[in-house]
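Everything on this sheet refers to the single structure shown next.
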Amino acid sequence: MRVAIAGAGLAGLACAKYLVDEGHEPIVLERRNVLGGLVAAWKDEDGDWYETGLHVFFGAYPNMIQLFKELGIEDRLQWKEHTLIFNQPEKPGTYSRFNVPDIPAPFNVITSIIRNNDMLTWTQKFKFAVGLLPAIIRGQQYVEKMDKYDLLAWLEQQGIDERVNSDIFIAASKALTFINPEDVSASIPLTAINRFLKERYGSKVAFLDGSPTERLCQPMVDYIIARGGQVRLNAPLKEIMTDEVERVTGYLIRGLNGAKDEVITADAYVSAMPVDPLKPMLPKAWQAKTFFQEMCKLEGVEVINLHLWFDRKITEIDHLLFSRSPLLSVYADMSNTCKEYADPDKSMLELVLAPAKDWITRSDEEIIAATMTELRKLFPQHFNGDNRAKLLKSKVVKTPRSVYRALAGTQSVKPTQKTPIDNFYLAGSFTKQEYLGSMEGAVLSGKLAAKAIAQDYLAAKPINQETAVAAI
Ligand SMILES: Cc1cc2nc3c(=O)[nH]c(=O)nc-3n(C[C@H](O)[C@H](O)[C@H](O)COP(=O)(O)OP(=O)(O)OC[C@H]3O[C@@H](n4cnc5c(N)ncnc54)[C@H](O)[C@@H]3O)c2cc1C
């Protein structure tokens, strides 16, 4: 069966990968000249990589880890020490660690919390643990019900005090969704905590050994092409063409640089585009359907990814760091964490600026100046005094619409991969799957879309054969 897929992010590529595994023929059509969507990366004029986002993988990413194995590239995941590291704003230049011992879950995570005395007092730890009990005992069902609350409201209801919020949850919320606890659905951090409490290595972090475009997306493309699929760059979907019964009849692809538009036809069609460009493309007749109306309530959230190259080593830490800064979210010195970006003498800090609503339209210069002010607090030893670290160059990548804005109430409007249109499917980390707006969520959504297509194809097959027999 031929399947046309719009979008070569992780969801579109994963969908194509699992379709070729089932013997189908996917053709992936990507708008841009680069693979990966939100994991896309480019080389600058000096040959240094810069990326759409600082990306880490977690032990609790079963579908992603399985994909690495299936592609034969699992050695590209560089696993780090099992710990979570937070900056301490009240003690500039110092860190607080949650070291997770190698014992079964949930005792490993609980021990890491008990042993950390920098951030929480015993009373706060106790209240935090009691507050989490319903999620631990009643599991994912409870977690999903809590979507009606924003995180701040849920914390208040559980009697968890403001200090736990400011110490842990602001950092977690910004890292997971790029928004603050007063906006984020309570079910988002609860989902992450639940996974970390269930899996021995769930909260262990890995970095890819190079750029996601080359080291992850390209092997997916090679795999797809070797098995009869196609991946085309510079092929933007312009229109979803439909017939009078609302089924898709073709994907109209915009011709670039004076070329004519082209119609791609297939047996089934997938949108693996983000929700924002999909919305205005929905055919008129589909817009009246509740399924698509609910989906249209989702929208992407602003985020900014910064790269700062310095003339010296700023830190030796080979890990993800939670900045706990009002401006920044997580960051890492990629010259330590990533093999291909390694430099023994200089640092390349990659930092996520979130929430970025008030920054997305500002100039790169303003953004870098504000970040440098934050770095003076994070690394006072390098950015104060006479011998300050020198910024050699920088790159700012702004994404005005990234992963969906995970507000309270949004979990219930996430669409399934199967849609009310019988030859049209969705993939993307914004669709319904149990792993948030993440790389794992994107891969799982692509897998689920491929599964739905394969199942519908099998279910339709006997009918077609009967029709064929009747026709004979
Ligand atoms: C700054 C940042 C940091 C992040 N950090 C992490 C992290 O540490 N860990 C983690 O797990 N996740 C992280 N994420 C989230 C993760 O990157 C995304 O959830 C995931 O990559 C989304 O994949 P996707 O395929 O669903 O969507 P996308 O990557 O958005 O892919 C959609 C594709 O559709 C294409 N497209 C759009 N319009 C058209 C059209 N008209 N025709 C054809 N193609 C079109 C786009 O160009 C794009 O390639 C981060 C994201 C960002 C932005």
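Atoms within each ligand, like the ligands themselves, are counted from 1 in listed order. In what follows, every heavy atom counts, from backbone to side chain, and hydrogens, waters and symmetry copies are set aside.
The shortest N or O to N or O distance between Ala235 and ligand 1 is not below 3.5 Å. For Ala442, no nitrogen or oxygen atom sits less than 3.5 Å from a nitrogen or oxygen atom of ligand 1, counting backbone and side chain alike. Considering backbone and side-chain atoms alike, Arg31 places an N or O below 3.5 Å from some N or O of ligand 1. Of the N or O atoms in Leu38, one or more lie within a sub-3.5 Å distance of an N or O in ligand 1. Note: an N/O pair closer than 3.5 Å links Val56 and ligand 1 by distance alone. Checked by distance only, ligand 1 and Pro277 stay at 3.5 Å or farther apart across all their nitrogen or oxygen atoms.
Heavy-atom contacts of Val39 reach the following atoms of ligand 1: 17 (O), 21 (O) (cutoff under 4.0 Å).
The residue Phe57 has no part lying near ligand 1, judged by heavy-atom distances below 4.0 Å.
A donor and an acceptor atom, one from each side chain of Asn336 and Glu316, are nowhere located under 3.5 Å apart. Residues Tyr331 and Asn305 have side chains that never bring a donor and an acceptor to within less than 3.5 angstrom of each other.
In this structure, Arg405 fails the cation-pi test against Phe430, since its NZ or CZ atom is not both closer than 6.0 Å to the six-membered ring centre and inside 45 degrees of the ring normal.
Evaluated for a ring pair (Phe, Tyr, Trp, His ring centres under 6.0 Å) with Phe57, the options Trp79, Phe68, Tyr201, Tyr435 yield exactly one hit, Phe68.
Shortest contact from atom 16 (C) of ligand 1 to any protein heavy atom: His55 NE2, 3.6 Å.
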